[in-house]
Amino acid sequence: MGREIQLELPLNRAEGDLELKVAVRDGVIVDAWSSGTMFRGFELMLEGRAPLDGLVITPRICGICSLTHLYAAALALDRAAGVEPPPNAVRSRNAALLTETIQSDVRQALLMYLVDFTNPAFGRYRWHQEALRRYAPLSGERVLAAVAASKSLLGVIALLGGQWPHTSFMVPGGVVSTPVLTDLFKARNLVRDFRHWYEDSVLGCSVEQWLELRSAKDLEQWLEEEERHRASDVGFLLRAGREVGLARLGVRRSGFLSFGAFAVPDDSAVVAAGGRGKKGKKGERLLLPSGFVAKSRVSAFDQRLITEDLSYAWYDGRQVGVHPGRGKTHPFASGREGDKYSWVKAPRYREQVAETGPLAERLVAGDPLFTDLVAEQGASALVRQLARMARPVYLFSALETWLDELSRRLDEKFYYPVKELRRGEGVGMLQAARGALGHWLTIENGKIARYQIITPTAWNGSPRDGRGRRGPWEEALIGTPVPDPEDPVLAGLAVRSFDPCLVCAVHVAGTPARRVLRV
Amino acid sequence: MLCLGNRFLPADDLGPRVYDCLQQSGAGAGAGEKFDLLDGGLAGINLLGLLEGRRRVVIVDTVAAGEPGRVVVWSQERLLALAGGYGHGEAVPFLVNMARRVGRPPPAELVLVGAAAPADEQTVAAVADRCREVARDGE
């Protein structure tokens with residue numbers, strides 16, 4: 001048995017400040033510790049402030065998913081105020097969030113993930129030159145196209161809400177920006193143009209053709225049957241990913257969580273999860289259903305089963321099993337906490353470790369293709385990244401339909417007035433691009449008394465809990481080969497399949513640790 | 001004139017403070033001058049649309065070069081050469097590269113005016129003056 005070495009792997013090309021410490025023996029990772037290295041204090045900033053301040057402050061947690069935080073904050077306030085916004089507000093909010101998610105997935109894939117295939121460590125593969133041509137950071141054809149296309153698509157949010165990032169148009173009761181007909185035509189054109197580019201270049205086939213794939217075998221056949229399937233970015237991921245072993249990296253087997261997202265108004269033509277008439281939690285029909293998958297079984301989601309564990313995180317207070325509606329954020333790090341190693345609290349669902357993100361969404365939705373892929377190879381980095389790159393397929397139709405419906409119903413309301421909020425409690429839960437996001441809000445005496453936020457990367461980049469169980473990507477890293485400790489590219493591919501965003505996971509602060517190696 | 005940076009971090013606050021200085025002294029299109037004065041904060045690649053179609057762009061930012069207090073002027077070529085890729089901490093070189101390669105159309109001229117941190121009041125004023133000159137006369 002070889003000597004065990006410890007490596008610190010600071011991850012660039014992830015949003016925010018993430019450090020991974022891994023133990024490597026005989027060239028393979030045998031243990032891992034994921035650390036969010038910056039505390040920022042958003043939850044504490046909000047205490048004592050006016051109830052609506054969360055709408056302005058929480059989007060500043062992140063420049064990539066700011067609109068998701070806005071939506072979660074607005075939902076929590078809707079619930080605290082006891083108001084249900086009018087259908088047009090729901091359409092407008094949804095259209096904006098769908099846009100943010102779609103452009104995020106495309107940028108993650110073409111700017112942050114596929115670039116790893118240009119690593120010189122992969123020089124001997126026949127697709128390496130192709131990778132350089134497509135994904136080299138400044139000159140890659142696909143990089144330039146992705147920047148142009150995503151920039152254009154974001155115009156939809158500017159039309160609906162005034163700006164992006166840090167859009168401000170959602171308030172309790174609805175939205176305060178009413179588009180005019182020409183705005184909606186422009187938005188519709190932007191979506192259509194983007195979808196054409198996505199189908200031609202990223203996916204390699206039409207959305208309809210992709211939706212016909214229902215098994216791993218179908219996917220194999222799809223890849224073989226046409227050159228344009230192989231030539232797309234998804235095709236490249238499948239071809240190159242398989243050769244570097246991506247189907248055996250970053251594997252997890254159980255615990256996938258989705259909070260559900262995109263409420264479907266009763267009179268909308270958009271098909272809700274499970275078909276028309278099926279009610280999710282609280283009677284809502286959702287485009288993306290909520291739920292939890294453990295050992296291949298899908299169960300209904302119950303937010304009371306969420307807890308945060310502080311056993312390995314630099315916080316003061318009761319260590320285990322606290323629901324975010326009752327939890328507090330008291331950062332505490334004297335340097336003598338022994339085993340504690342992260343500013344990220346450890347969220348757990350039904351006392352289990354849970355992964356969240358586009359793959360979890362597919363599994364919770366009972367998607368036959370992804371259910372079969374996971375049954376066959378586990379939730380590998382390849383399947384996880386594929387789920388992200390394909391996610392726009394499942395979102396375009398709803399986005400286009402809601403924009404169309406808005407254009408035919410501009411005379412209907414976008415806002416219901418809300419009286420001043422003196423006291424109340426509300427939860428806003430939805431799916432950000434990276435996975436499940438929740439805001440838990442308590443208002444007392446006209447001020448925010450408590451505000452707790454659990455972000456997708458808190459789930460995925462969670463440290464261990466009081467039972468010593470590793471967080472999702474700590475677990476996923478076990479078994480990853482590190483043939484060259486100076487260049488742990490496979491570890492990077494495994495972790496980046498989760499699309500880590502540490503600016504969100506630690507909305508709390510610290511000092512950057514010493515950088516030993518760059519991934 | 002696009003002022004970049006984080007006004008809460010002394011290591012990165014030159015851009016916002018120059019913005020404040022210029023705005024207070026009545027600069028920008030709103031005051032009848034011929035340039036738009038913009039506070040771009042930390043928005044990185046999302047500022048691409050603001051650079052497209054411009055005759056001249058002046059980016060104002062903290063630079064890691066020279067002693068504090070010295071005003072630095074960098075050409076577009078120099079900025080293009082600095083870029084590594086897409087990621088935190090590399091926003092300006094990446095943005096300038098994308099503006100050149102993807103901008104419809106790219107800005108005709110682009111210059112960066114800055115200084116090393118920390119910036120005292122005198123440096124802020126000196127950078128602001130140089131920015132105005134460059135905006136008016138070019139590099």
Side-chain angles (χ1 to χ4, degrees), chain A residues 10-18 38 40-41 60 62-64 66 100 103-104 107-116 118-119 135-155 157-158 163-167 496 500-503 509 512 515 518-519, chain B residues 2-13 15-16 19 36 38-54 57 61 64 76-107 110 117:
Chain A
L11 271 200
N12 58 5
R13 259 184 304 120
E15 290 298 317
D17 303 88
L18 165 66
M38 257 243 302
R40 295 163 68 220
R60 268 91 190 156
C62 183
I64 284 197
S66 57
E100 182 174 89
Q103 66 82 35
S104 174
R107 283 187 178 182
Q108 185 272 356
L110 271 57
L111 301 183
M112 292 164 79
Y113 194 81
L114 292 171
V115 61
D116 268 336
T118 66
N119 192 308
Y135 308 120
L138 298 173
S139 55
E141 292 158 5
R142 302 301 166 107
V143 169
L144 301 181
V147 169
S150 57
K151 171 182 134 349
S152 282
L153 185 67
L154 284 162
I157 304 181
Q163 72 176 62
W164 187 87
H166 309 317
T167 323
R496 284 202 200 85
C501 182
L502 272 300
V503 285
R515 288 171 184 259
R518 301 195 71 78
V519 180
Chain B
L2 185 59
C3 300
L4 304 181
N6 183 343
R7 60 177 64 249
F8 299 112
L9 278 187
D12 192 20
D13 70 356
Y19 173 86
D36 289 326
L38 303 168
D39 178 356
L42 302 171
I45 188 58
N46 298 311
L47 298 168
L48 183 56
L50 296 172
L51 303 185
E52 288 177 316
R54 299 280 181 170
V57 172
D61 199 3
Q76 182 168 188
E77 267 53 44
R78 181 151 179 187
L79 286 169
L80 290 169
L82 281 176
Y86 178 75
H88 267 205
E90 308 189 38
V92 172
F94 186 76
L95 171 64
V96 172
N97 267 277
M98 287 302 120
R100 168 77 83 101
R101 295 165 196 265
V102 168
R104 291 188 208 142
L110 187 147

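Chain A is the first sequence line, chain B the second, and so forth, proteins listed ahead of strands; every chain is numbered from 1.
Taking the side chain as every heavy atom from C-beta outward, B:R104 and A:K151 never approach each other to under 4.5 Å. Side-chain contact check for B:I45 versus A:R107: some heavy-atom pair is nearer than 4.5 Å.
Scanning both residues, A:L138 and B:M98, for their nearest heavy atoms gives O-CE, 3.7 Å.
Neither the backbone nor the side chain of A:S150 comes within less than 4.5 Å of any heavy atom in chain B.
Atom CG in B:L42 sits 7.5 Å away from atom NE2 in A:H166 (nearest 0.5 Å).
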